[in-house]
Amino acid sequence: MIDEFAKDTLHGRLRRDREALLWKLDGLSEYDARRPLTATGTNLLGLVKHVATVEARYFGEVFGRPSPELLPRWQDSDGSDQWAAEDETRDQIIGFYRRTWEHADATIEELPLDAPGHVPWWPEPFSRTNLFAVLVHVLGESIRHTGHADILREGLDGRTGLRAEHEKRIDEEARAAHRAKIEQAARAAARAMPQRS
């Protein structure tokens, strides 16, 4: 009973975060969806592509259920799953993500939480694992990257939140006042406290 509750809860959260990550692309130009927004090149469409690849590998190869999507060997990973090439369309990447959901969902639904898996890119003795551990790991990856996407999107146009139905109209004046209050507190603390090196 607890296993099914745990599986349903984790799987439900994964589904919610998938949708939230895709929503971060909503209404963006091709350029804004793809352009590097950090010094390391992190970008919104690349986050979607990366999380799709993570799900495809963990809910596919790890349980002997290879993804129907064409993936390079994990040993040949070169970071190309973290950005969209000029010939890759947004629709192709989103389609890849959605098809990956179907394959991952089938794995999650068909296997028990204690189903054994093998993650060859994890060091020993951790490479032998089970569906529960993989589900927790992938959920952590999804939450982390959805958080990255939230911050990147806020930097682009100020939009924040988890779902469209909870989004509020941006009050620029209130945001500026709130930010100024935090800035003032940070400056006051910097003056009052010893500096760290």
(request) Please step through side-chain contact (heavy atoms from CB on, under 4.5 Å) for the pair Asp3 and Phe132, ending with a clear verdict. (result) CA-CA 9 Å; Asp3 281 359; Phe132 176 77; over 6 Å; no

(request) Evaluate the side-chain contact (heavy atoms from CB on, under 4.5 Å) criterion for residues Arg57 and Val62: first the C-alpha distance (whole Å), next the side-chain angles of each, then the deciding distance (0.1 Å), finally the verdict. (result) CA-CA 7 Å; Arg57 289 202 190 287; Val62 168; 5.9 Å; no

(request) I would like to know whether Leu139 and Ile143 meet side-chain contact (heavy atoms from CB on, under 4.5 Å); could you show each step before the answer? (result) CA-CA 6 Å; Leu139 179 58; Ile143 291 168; 3.8 Å; yes

(message) Please determine whether side-chain contact (heavy atoms from CB on, under 4.5 Å) holds for the pair Trp122 and Arg128, giving the CA-CA distance in whole Å, both sets of side-chain angles, and the decisive distance to 0.1 Å.
(response) CA-CA 9 Å; Trp122 285 2; Arg128 300 278 171 212; over 6 Å; no

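The main-chain N or O of Val51 is never found under 3.5 Å from a side-chain atom of Asp81 such that the two would form a donor-acceptor pair. At distances below 3.5 Å, not a single donor-acceptor pair connects side-chain atoms of Thr42 with backbone N or O atoms of Thr38. A distance-only check finds a donor-acceptor pair linking the side chain of Thr100 to the backbone of Phe96 [under 3.5 Å]. In terms of modelled atom types and a separation under 3.5 Å, the side chain of Glu19 and the main chain of Arg16 share no donor-acceptor contact. Judged by distance alone, with hydrogens and angles left aside, the side-chain atoms of Lys49 form a donor-acceptor pair with the main-chain N or O of Ser80 at under 3.5 Å. Looking at Arg35, its side chain never comes within 3.5 Å of a backbone N or O of Gly41 through a donor-acceptor pair.
For the pair Leu111 and Ala115, the tightest heavy-atom approach, listed with the atom from each and the gap, is CB-CB, 3.8 Å. Scanning both residues, Ala56 and Leu71, for their nearest heavy atoms gives CB-CD1, 3.7 Å. Shown here for Gly60 and His103, the closest heavy-atom pair between the two residues is CA-NE2, 4.0 Å. Scanning both residues, Glu55 and Ser142, for their nearest heavy atoms gives OE2-OG, 4.4 Å.
Between the OG1 atom in Thr146 and the CG atom in Leu22 there is a gap of 9.0 Å [rounded to 0.5 Å]. Residue Leu135 holds its CG atom at 6.5 Å from CG of Leu14, rounded to the nearest 0.5 Å. Once rounded to the nearest 0.5 Å, the distance linking CG of Asp8 with CD1 of Ile108 reads 10.5 Å. To the nearest 0.5 angstrom, Thr160 atom OG1 is 5.0 Å from Arg175 atom CZ. Distance check: His50 NE2 to Ile93 CD1 gives 13.5 Å after rounding to the nearest 0.5 Å. A distance of 5.0 Å separates CG of Leu44 from CG of Leu152, quoted to the nearest 0.5 Å.
The cluster map of Ile, Leu, Val, Met, Phe, Trp and Tyr, joined by side-chain heavy atoms under 4.5 Å apart, puts Val54 and Leu45 in different clusters. Linking ILVMFWY residues whenever their side-chain heavy atoms come closer than 4.5 Å, directly or via other members, places Phe59 and Val119 in the same cluster. No chain of hydrophobic side-chain contacts below 4.5 Å, direct or via other Ile, Leu, Val, Met, Phe, Trp or Tyr residues, connects Val136 to Leu21. Using a 4.5 Å cut-off between side-chain heavy atoms of Ile, Leu, Val, Met, Phe, Trp and Tyr, with links allowed through other members, Leu131 and Trp121 fall into the same hydrophobic cluster. When hydrophobic clusters are built by joining Ile, Leu, Val, Met, Phe, Trp and Tyr residues whose side-chain heavy atoms come closer than 4.5 Å, directly or via intermediates, Val138 is grouped together with Phe63.
A centroid separation of less than 6.0 Å is found between the aromatic rings of Tyr58 and His137.
Using a 4.0 Å cut-off between charged nitrogen and carboxylate oxygen, Lys7 and Glu109 do not count as a salt-bridge pair. Under the 4.0 Å criterion applied to side-chain N and carboxylate O atoms, Glu30 and Arg34 are assigned as salt-bridge partners. We find that Arg13 and Asp17 are joined by a salt bridge, their nearest charged nitrogen and carboxylate oxygen being less than 4.0 Å apart. At a threshold of 4.0 Å, the pair Glu183-Arg187 counts as salt-bridged, since one of the basic side-chain nitrogens sits closer than that to a carboxylate oxygen. With respect to the salt-bridge test (charged N to carboxylate O, under 4.0 angstrom), the residues Asp105 and Arg18 qualify. A salt bridge links Arg99 with Glu69: the distance from a Lys NZ or Arg NE/NH1/NH2 to an Asp or Glu carboxylate oxygen falls below 4.0 Å. Ionic pairing of Arg153 and Asp157 is present here: one or more N-O contacts between side-chain nitrogen and carboxylate oxygen are shorter than 4.0 angstrom.
The number of heavy atoms from other shown groups lying within 6.0 Å of NE2 (His118) is above 12. Within 6.0 Å of atom CH2 in Trp101, more than 12 heavy atoms from other residues, nucleotides or ligands are found, so the atom counts as buried in its surroundings. For Ile182, the CD1 atom is densely surrounded, since the number of other residues' heavy atoms within 6.0 Å is greater than 12.
Side-chain contact between Gln82 and Leu47 is absent, with no heavy-atom pair separated by less than 4.5 Å. In this structure the side chain of Leu25 reaches within 4.5 angstrom of the side chain of Ile94, judged on heavy atoms. Side-chain contact check for Arg159 versus Trp23: some heavy-atom pair is nearer than 4.5 Å. In this structure the side chain of Pro116 never reaches within 4.5 angstrom of the side chain of Asn130, judged on heavy atoms.
Aromatic ring orientation, His148 versus His145: tilted (interplanar angle from 30° to 60°).
Looking only at atom types and distance, the side chain of Asp91 has no donor-acceptor partner in the side chain of Thr89 under 3.5 Å away.
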